Amino acid sequence: QVQLVESGGGLVQAGDSLRLSCTASGRTTSSNVMGWFRQAPGKAREFVAAIVWIDSSTSYAESVKGRFTISRDGGKNTVYLLMNSLMPEDTAVYYCALDPRGIYRNANDYSRIGGYDYWGQGTQVTVSS
């Protein structure tokens with residue numbers, strides 16, 4: 001069993017930066033893929049970014065490419081999402097997720113919500129204009 005705890009959300013102004021953290025506890029392995037998703041009010045949950053634990057390869061949604069950076073600290077079992085140049089449309093609850101067998105999936109599949117077994121409780125990010 002794995003537990004994921006997100007932190008770092010808050011209220012910021014457009015153009016500001018914010019860094020989210022997600023710490024995993026329990027059974028984690030080198031085959032993990034961890035992802036960030038977000039859900040805005042009245043909208044479906046959507047993929048933001050993913051990182052492969054063993055080699056730190058990354059993938060991003062087109063809407064955040066060049067602005068957001070996903071990274072990891074293996075020693076702390078923590079994944080980060082650095083969000084720069086935030087826009088009001090980035091306002092959402094941000095969730096981290098973990099797929100314990102992610103390296104066996106095609107990287108094109110990392111955006112699929114159903115591919116992840118464990119989810120955090122979410123952290124609110126609000127960007128004012």
Side-chain angles (χ1 to χ4, degrees):
Q1 194 70 297
V2 174
Q3 295 79 42
L4 303 175
V5 178
E6 303 103 331
S7 61
L11 172 62
V12 297
Q13 293 186 331
D16 285 352
S17 298
L18 205 57
R19 190 179 77 161
L20 306 182
S21 301
C22 172
T23 299
S25 60
R27 186 181 180 188
T28 59
T29 70
S30 59
S31 62
N32 289 347
V33 168
M34 293 188 72
W36 284 99
F37 292 77
R38 66 186 181 186
Q39 188 166 16
K43 294 188 177 182
R45 192 170 297 189
E46 64 176 7
F47 170 73
V48 175
I51 188 165
V52 180
W53 202 255
I54 196 169
D55 63 5
S56 295
S57 58
T58 59
S59 59
Y60 296 92
E62 286 298 324
S63 59
V64 306
K65 272 184 182 177
R67 298 190 300 123
F68 290 12
T69 303
I70 187 170
S71 62
R72 69 163 186 81
D73 184 331
K76 296 181 179 180
N77 261 8
T78 297
V79 170
Y80 303 99
L81 185 68
L82 175 62
M83 305 183 293
N84 294 323
S85 303
L86 281 162
M87 303 183 293
E89 46 265 49
D90 295 317
T91 295
V93 177
Y94 283 71
Y95 299 89
C96 79
L98 186 148
D99 175 3
R101 296 168 301 279
I103 62 170
Y104 304 113
R105 286 200 280 153
N106 189 299
N108 293 330
D109 194 49
Y110 291 159
S111 61
R112 186 171 60 89
I113 292 173
Y116 294 84
D117 294 340
Y118 302 99
W119 292 82
Q121 82 288 352
T123 185
Q124 176 70 47
V125 172
T126 303
V127 184
S128 63
S129 57

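Since we're looking at a predicted model, the values are computed, not measured.
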- Query: Any idea which heavy atoms bring Asn84 and Ser17 closest together, and the distance?
  - Reply: OD1-OG, 2.7 Å
- Gln13 and Ser128: side chain donor to acceptor below 3.5 Å: no
- Atom CZ of Arg72 and atom CG of Asp55: how far apart are they, to the nearest 0.5 Å? 8.5 Å
- How many angstroms lie between atom CZ of Arg112 and atom CG of Asn106, to the nearest 0.5 angstrom? 11.0 Å
- Row check, Phe37 ring normal vs Arg45 NZ/CZ: under 6.0 Å, within 45°: no
- Value for OG1 (Thr23) from NZ (Lys76), rounded to nearest 0.5 Å, stands at 9.0 Å
- Query: With a 4.5 Å heavy-atom cut-off, do Tyr95 and Arg38 have their side chains touching?
  - Reply: no
- Query: In terms of side-chain heavy atoms, does Thr126 have a donor or acceptor partner in Gln124 at a distance below 3.5 Å?
  - Reply: yes
- Message: So Pro100 and Asp117, do their side chains get closer than 4.5 Å, heavy atoms only?
- Response: yes
- Message: Within this structure, what is the CZ-OG distance for the pair Phe47 and Ser63, rounded to the nearest 0.5 Å?
- Response: 9.5 Å
- Message: Using every non-hydrogen atom in the two residues, find where Glu6 and Gly122 come nearest and quote the distance to one decimal.
- Response: OE1-N, 2.8 Å
- With a 3.5 Å cut-off and no angle check, do the side chains of Asp73 and Thr78 form a donor-acceptor pair? no
- Message: My understanding is that a hydrophobic cluster links ILVMFWY residues whose side chain heavy atoms are under 4.5 Å apart, including indirect links. Using that, what else belongs to the cluster containing Met83?
- Response: Val2, Leu4, Val12, Leu18, Leu20, Met34, Trp36, Val48, Ile51, Trp53, Tyr60, Val64, Phe68, Ile70, Val79, Leu81, Leu86, Tyr94, Leu98, Tyr118, Val125, Val127
- Message: Aromatic contact between Tyr110 and Tyr116, with the criterion being ring centroids under 6.0 Å apart: yes or no?
- Response: no
